[in-house]
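One structure is given here, and the rest of the page talks about it.
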Amino acid sequence: PNFFLALVLMYVMVFVFNSPAIGGLFSPQYAMAPWSWAKFVDMLKHVWIAVVVVGLGSTASIMRIMRSNLLDVLNMQYVQTARAKGLKETTVIMKHAVRNAIQPLIMTLGMQFPRLLEGSMVVSIVLTLPTTGPMFHQALMSQDMYLAGSFLMMLAFMLLIGNLLADLVLAQVDPRIRYE
């Protein structure tokens with residue numbers, strides 16, 4: 001899970017690499033300072049943990065989906081026919097197999113769009129980042145139904161946008177899909 005990966009990275013940075021400050025966006029000396037190049041570099045030193053954790057959040061499930069789809073497609077007759085024609089293995093895999101195996105992955109990635117925000121909420125709470133994550137958690141704890149409902153509506157809107165983008169990409173990848 002995202003929060004556990006964030007905790008492990010924090011532990012490694014503090015106890016293995018002796019990093020003085022991990023949580024937050026800035027070191028204490030840059031927290032209230034005006035923007036400068038040094039403050040920007042300090043922010044990059046702090047934000048990479050959150051970027052890695054959110055980026056790796058769903059990678060394992062996406063890899064499993066692509067692997068299972070590719071294994072199913074590699075056993076199909078049209079792939080075996082392409083191999084029997086004497087095409088190179090890379091051509092068979094990239095042109096024939098991946099093109100058909102990537103379709104369920106594109107649909108899954110469309111549904112993963114709001115999960116980026118959800119994962120960043122958990123990571124921002126663990127890493128004490130001043131983002132919407134702690135605010136959403138506080139809204140849930142204080143039963144602020146308007147703010148919590150606004151966050152949920154934003155997640156629903158992001159799901160709709162993700163599905164729309166996935167449908168548009170799927171129409172470009174698969175020539176059989178056409179919108180009239």
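Not measured: the values here are computed from a predicted model. Residue numbers count from 1 along this sequence.
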Greater than 12 external heavy atoms within 6.0 Å of F40's CZ: no
Min side-chain heavy-atom separation W48-M13 under 4.5 Å: yes
V47-V52 co-clustered via ILVMFWY side chain contacts under 4.5 Å: yes
Side-chain hydrophobic cluster, 4.5 Å single linkage: members besides M111: L159
Contact check, side chains of V123 and V126, non-hydrogen atoms, under 4.5 Å: no
Test side-chain contact (heavy atoms from CB on, under 4.5 Å) applied to T90 and K95, step by step: CA-CA 8 Å; T90 57; K95 188 172 181 184; over 6 Å; no
Non-hydrogen side-chain atoms of L152 and F136 separated by less than 4.5 Å: yes
More than 12 heavy atoms from other groups under 6.0 Å of CE on M94: no
Cluster link Y146 to M121, ILVMFWY, side chain under 4.5 Å: no
Heavy-atom pair of closest approach, residues H96 and N100: O-ND2, 3.2 Å
Point-to-point distance, once rounded to the nearest 0.5 Å, from CG of L155 to OG of S150: 11.0 Å
Nearest heavy-atom neighbours spanning Y30 and A38: OH-CB, 3.5 Å
Members sharing M32's hydrophobic cluster (side chains within less than 4.5 Å): none
Beyond-backbone contact of T81 with K85, side-chain heavy atoms, under 4.5 angstrom: yes
Ring geometry between F26 and W35 (parallel below 30°, tilted from 30 to 60°, perpendicular above 60°): perpendicular
Rounded distance [0.5 Å steps], CD1 in I106 versus CG in L165: 11.5 Å
Rounded distance [0.5 Å steps], CG in L105 versus CG in L170: 10.5 Å
With R83 via salt bridge (charged side-chain N to carboxylate O under 4.0 Å, His left out) - residues at least two apart: E89
Exercise: identify the closest heavy-atom pair between I93 and L74: CG1-CD2, 4.2 Å
Same apolar cluster (I L V M F W Y, side chains within < 4.5 Å links), L164/M153: no
Under 3.5 Å: donor-acceptor pair, side chain of K39, backbone of P34: no
Side-chain heavy atoms of L147 within contact of F151, under 4.5 Å: yes
Separation between CD of Q112 and CD1 of I65, rounded to the nearest 0.5 Å: 7.0 Å
Minimum heavy-atom distance G55-T59, with the two atoms named: O-OG1, 3.1 Å
ILVMFWY cluster, M107 and L160 together (side-chain gap under 4.5 Å): no
M63-V98 co-clustered via ILVMFWY side chain contacts under 4.5 Å: no
Nearest heavy-atom neighbours spanning G110 and A166: CA-CB, 3.7 Å
K45 NZ: over 12 foreign heavy atoms closer than 6.0 Å: no
Side chain proximity check, L129 to H46, heavy atoms < 4.5 angstrom: no
Heavy-atom side-chain contact between S124 and T132 under 4.5 Å: no
N75 to L71 - nearest heavy-atom pair and separation: ND2-O, 3.3 Å
Rounded distance [0.5 Å steps], OG1 in T108 versus CD in Q103: 12.0 Å
Donor-acceptor contact present, side-chain S68 to main-chain R64, <3.5 Å: yes
Straight-line distance of I125 CD1 to H137 NE2, nearest 0.5 Å: 5.0 Å
